[in-house]
Protein chains: 2
Amino acid sequence: MGRWEPDGRGRLERAALALYGERGFENTTVAEIAARAGLTERTFFRYFADKREVLFWGAGALRELLVSAVASAPESAAPMDVVVAAFETAAAVLQERRESALQRQVVISANAELRERELIKLALLGAALADALRRRGVPDTAASLTADTGIAIFRAAFEAWVHETEQRAFPQLIRDSFDELKAVTSGASS
Amino acid sequence: MGRWEPDGRGRLERAALALYGERGFENTTVAEIAARAGLTERTFFRYFADKREVLFWGAGALRELLVSAVASAPESAAPMDVVVAAFETAAAVLQERRESALQRQVVISANAELRERELIKLALLGAALADALRRRGVPDTAASLTADTGIAIFRAAFEAWVHETEQRAFPQLIRDSFDELKAVTSGASS
DNA sequence: TGGGTTGATGTCAGTTGCTGTCATCACTCT
DNA sequence: AGAGTGATGACAGCAACTGACATCAACCCA
């Protein structure tokens, strides 16, 4: 396994993130990414389904983390609490990589295609969470609703974390966001 | 204006929908669409930003309809009710074009790229609705939450409408979906 | 020891989505 | 009649992505 430099995927990932940051997503070609990583365009497409996917590959790991957190929660816990706790765990992990998470977010925010991809990743995450809840015996509709609400909480907290100057802890922001949601929804009566 | 057949955009739209339905989105080239419409590939891209957009062009009209419905609602009405009423209006319009709406949805469901685009269109719709609510004086967070909830209701109702065999009225399904949401959320305490 | 297998990578040619640029020409306006 | 104007065509070109096959170090097993 020593024929080539190791970790081709990682090198491509770092090269892509750097280039997207320097000159923007649209203005960097896959050939340039591959060149910087010391590889070929063809190899890039062996690792990543398309030019965007290099930024979203990590979402799979996040999804697995959340799903397993939901699966291993105590039986007695209420669905919404299970989901929020799972997101707190995930937030703690993300906190470790704050720098690259921020850099990645800047790149994504700057480009419509990338925002589009991000949305579908979140939707997939929601579906996976709802599934995990159903496996705990939560009824269909409630599972989807709880999962989607969890995602809404996460998005709000992530937004706050990104703009946070005092670096409040991300898991704490999840908790705060949940509290705010509870306040907003309990206030409404319609 | 009589130098060419009229309504190039409409012809392209119909040709695309037909071909996407016949042989799938990925297996039809823009050149084929243009040929069936009696136009050129170049002209296709003058009307539509990309190959997917031909299916989503109508979303702009839907958005305007919803936004203006929200804007013109009585001042006294509660935000959530305003949004639901707006969706009922939109549902009545969609009901008129049930056939092509269904055909369109089959095509979109069959393709990941298209589902991706659909999600971002819904997100944009949510943002537009939230804006419209803010212009009515609804506070930021509540506006976003109300708009997103409205979209969740719409999606559930649309799903039901698509699978509806007895053709229950779409606006009525919106109302039912809202009622179900109220039931689900008022049941949760956490 | 040596040959066969494997797996990550390279090479190359081709399709297609999409863009820039300029030409065309019926129609309109004055 | 002559000068726009606006929708379209023609054409060249870039870059994303794919399929098919070659390469060759490392590993496996007799």
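Letters A, B, ... mirror the listed sequences (proteins, then strands); counts begin at 1. Since this is a predicted model, take the numbers as computed values, not measurements.
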(message) Under a 4.0 Å threshold between the charged nitrogen and the carboxylate oxygen, would A:Arg23 count as salt-bridged to A:Glu32?
(response) yes
(request) Find the distance A:Asp7:CG to C:dA8:C1' and express it as a whole number of Å. (result) 13 Å
(request) Salt-bridge test for A:Arg11 and A:Glu5: reply yes if a basic N is under 4.0 Å from a carboxylate O, no otherwise. (result) no
(request) Please check if any side-chain donor atom of A:Arg134 sits under 3.5 Å from a side-chain acceptor atom of A:Ser144, or the reverse. (result) yes
(request) Let me have a per-nucleotide readout for nucleotides 9-18 of chain D, 5' to 3', with B, S or -, counting only protein heavy atoms under 4.0 Å. (result) BBB----SBB
(message) Measure OH/B:Tyr47 against P/D:dA7 and give the value in whole Å, please.
(response) 7 Å
(message) Counting only heavy atoms not in A:Arg115 (residues, nucleotides, ligands), do more than 12 fall under 6.0 Å from its CZ?
(response) yes
(request) Give the rounded distance in Å between these two atoms: CG of B:Leu12 and P of D:dA7. (result) 14 Å
(message) What is the distance, to the nearest angstrom, from the CD atom on B:Glu113 to the P atom on C:dT16?
(response) 15 Å
(message) Under a 4.0 Å threshold between the charged nitrogen and the carboxylate oxygen, would A:Glu53 count as salt-bridged to A:Lys121?
(response) yes
(request) Flag the pair A:Glu164 and A:Arg98 as a salt bridge only when some basic side-chain nitrogen lies within less than 4.0 angstrom of an acidic carboxylate oxygen. (result) no
